[in-house]
Amino acid sequence: MCIHNTMPPARKLQWIELSQKAIDKNIQSLTSFALGKLFAVCVKANAYGHGITETVNMLLENEQVNYLTVHSMREAIKCRRAGWRKQIMLLGPVELCDTDAVLEFDIEPVVFNTKFLDNIGKRADKFNRKVRTHLKLETGTNRQGVIEKDIEKFATVYKKYKSLGKPYGASTHFANIEDTTNHDYAEYQLEQFQKLIKVMTVHKIKPKIRHTASSAATILFGKTHFEMVRPGISVYGYWPSKETYLSHKLDGGVNELFEPVLTWKSRVTQIKKVDADAFISYGCTYQTTAKSKIAIIPVGYYDGYDRALSNKSYILINGKRAPIRGRVCMNLMMADITDIPKVTLENEATLLGQEKKELISANKIADWADTINYEILARLSGEIYREIVL
Ligand SMILES: *Cc1c(COP(=O)(O)O)cnc(C)c1O
C-alpha cells in the first residue's frame with residue numbers, strides 16, 4: 001500500500017536521469033574553446049528541461065563555471081535556494097515588484113529599459129548597495145536591446161545613481177549563427193556591437209566585460225568571446241543545429257565534444273493483445289494489419305511528449321524500437337511490441353536517450369515533430385522526477 005503524508009515523487013512511472021559525467025565533459029569541451037574567459041551556463045527554461053535545481057546541484061562544485069544565466073527572477077531565486085553562491089545574470093525583464101529582490105538575492109540584471117534602470121538605481125542608492133548591471137545592445141536581432149541613439153539616455157541614468165556606477169557588462173545576441181553555415185550576418189552584428197561599445201565609451205559608460213556568445217558562437221567564433229561566453233544547449237550535450245556541427249567540421253574540428261546529459265524513462269503499465277484491423281487511440285488514426293501486441297506507456301503530451309509524434313516516433317524497450325501507434329494522448333501512449341520478445345509488465349522503456357545500441361536523441365525527436373532540439377528539451381514537464389546519476 002502507498003500512503004503518503006506528503007506529495008510523493010512519481011518515481012516509478014516516469015523519471016529523468018541526469019548524467020554528472022556528461023555535463024562535466026560538455027563544460028570541459030566548451031571551456032577549451034574559450035580558455036581564460038568567464039564562463040556562464042544558461043539555466044533558463046528549467047535548465048532546458050533538465051530541472052533547474054538538479055542542474056545547479058551538478059554545477060555547484062565546478063570551478064570552471066563562474067555565472068548562471070536565467071530568464072526570470074523566479075529562476076534566479078531557485079538557483080540561490082539550490083545553494084548557488086556565485087554570480088547570476090538575469091536576461092529577461094524584471095517586474096517592478098521584484099526590484100528589491102535584485103538586491104536581496106544579489107542578481108545582475110541585463111538592462112534594456114531606462115525605467116527599470118532608474119528604479120533599481122533609486123532603490124539601491126536608498127539601501128546604500130551597489131548593483132552590477134549589463135546593458136543589452138541592439139545589433140540586428142531586434143529583440144530586447146538598446147539602439148544607438150538611446151545609449152545617451154542610459155548614460156544619464158547611470159550617472160544619476162551612485163549605486164549603479166558604470167555598467168558591469170555589455171551584451172548582444174546573434175540572430176543567425178546556428179541556422180546557417182554562412183556567417184556574414186553574425187559578422188555584421190559583431191561590427192555593430194563594437195560600434196555601440198565605442199558609443200558607450202564616448203558617453204563614459206564603458207563596460208568592464210563584454211559578452212555575445214551562445215553555444216554556436218562559443219564553438220565557431222573566437223572573436224565573439226570577449227571577456228565571457230554564455231552557452232546553453234551544448235552544456236546539456238547537444239549541438240545547436242546541424243549547421244553548427246557542419247561549420248565546425250568544415251573548420252577541421254573534431255566530433256565527440258558533447259554527450260547528452262538527459263535520459264527520459266518510463267515503464268510498461270499494461271500489455272494488450274489486439275486483433276488485426278483493430279484501431280488504436282483517439283481518432284482511429286492507426287489500424288493494425290495483423291495480430292499485434294501493444295504496450296501502454298503512462299506518458300503523454302502533458303509530460304512533454306509532443307502530440308505531433310503520433311504515429312511517427314518510436315521508443316526503446318529491451319534495446320529494441322517500439323513504434324508509437326495512434327495518437328499520443330494527454331497522459332498515455334501506445335507502443336507496438338509485437339516484435340520485441342520478453343516484454344514484461346513494468347518493463348523499463350526509454351523515451352529519450354540510449355538503450356544498448358539504440359539512441360533516441362532530442363535531435364531525432366525534433367525531426368519527427370518538425371521542431372528543434374531546444375524545444376523538445378525545454379518542454380519536458382517540470383513535474384517529472386529527476387535524479388542525478390554518475
Ligand atoms: C538562451 C540564450 C543563450 C544560450 O544559447 P544556446 O544557443 O542555448 O547556447 C545565450 N544568450 C542569450 C541572451 C540567450 O537568451
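Whatever order the structure lists ligands and atoms in, that order sets their numbers, starting from 1.
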* Per-ligand residue contacts, ligand 1, heavy-atom threshold under 4.0 Å -> Cys42, Lys44, Tyr48, Leu91, Arg143, His173, Glu178, Ser214, Ser215, Arg230, Pro231, Gly232, Ile233, Tyr374

* Arg325 side chain to Ala335 main-chain N or O, any donor-acceptor pair under 3.5 Å? -> no

* Common cluster, Leu332/Ile365, ILVMFWY with side-chain heavy-atom separation under 4.5 Å -> no

* To do: Consider only side-chain N and O atoms of Thr139 and Thr172, and report whether a donor and an acceptor are under 3.5 Å apart.
  => yes

* Ring-ring centroid check Phe174 Phe221, cutoff 6.0 Å -> no

* salt bridge (Lys or Arg N to Asp or Glu O under 4.0 Å) against Lys249, all qualifying residues, sequence neighbours excluded -> none

* For the side-chain hydrogen bond (donor to acceptor under 3.5 Å, both in side chains) test, which of Gln87, His211, Arg230 pairs with Tyr67? -> Gln87

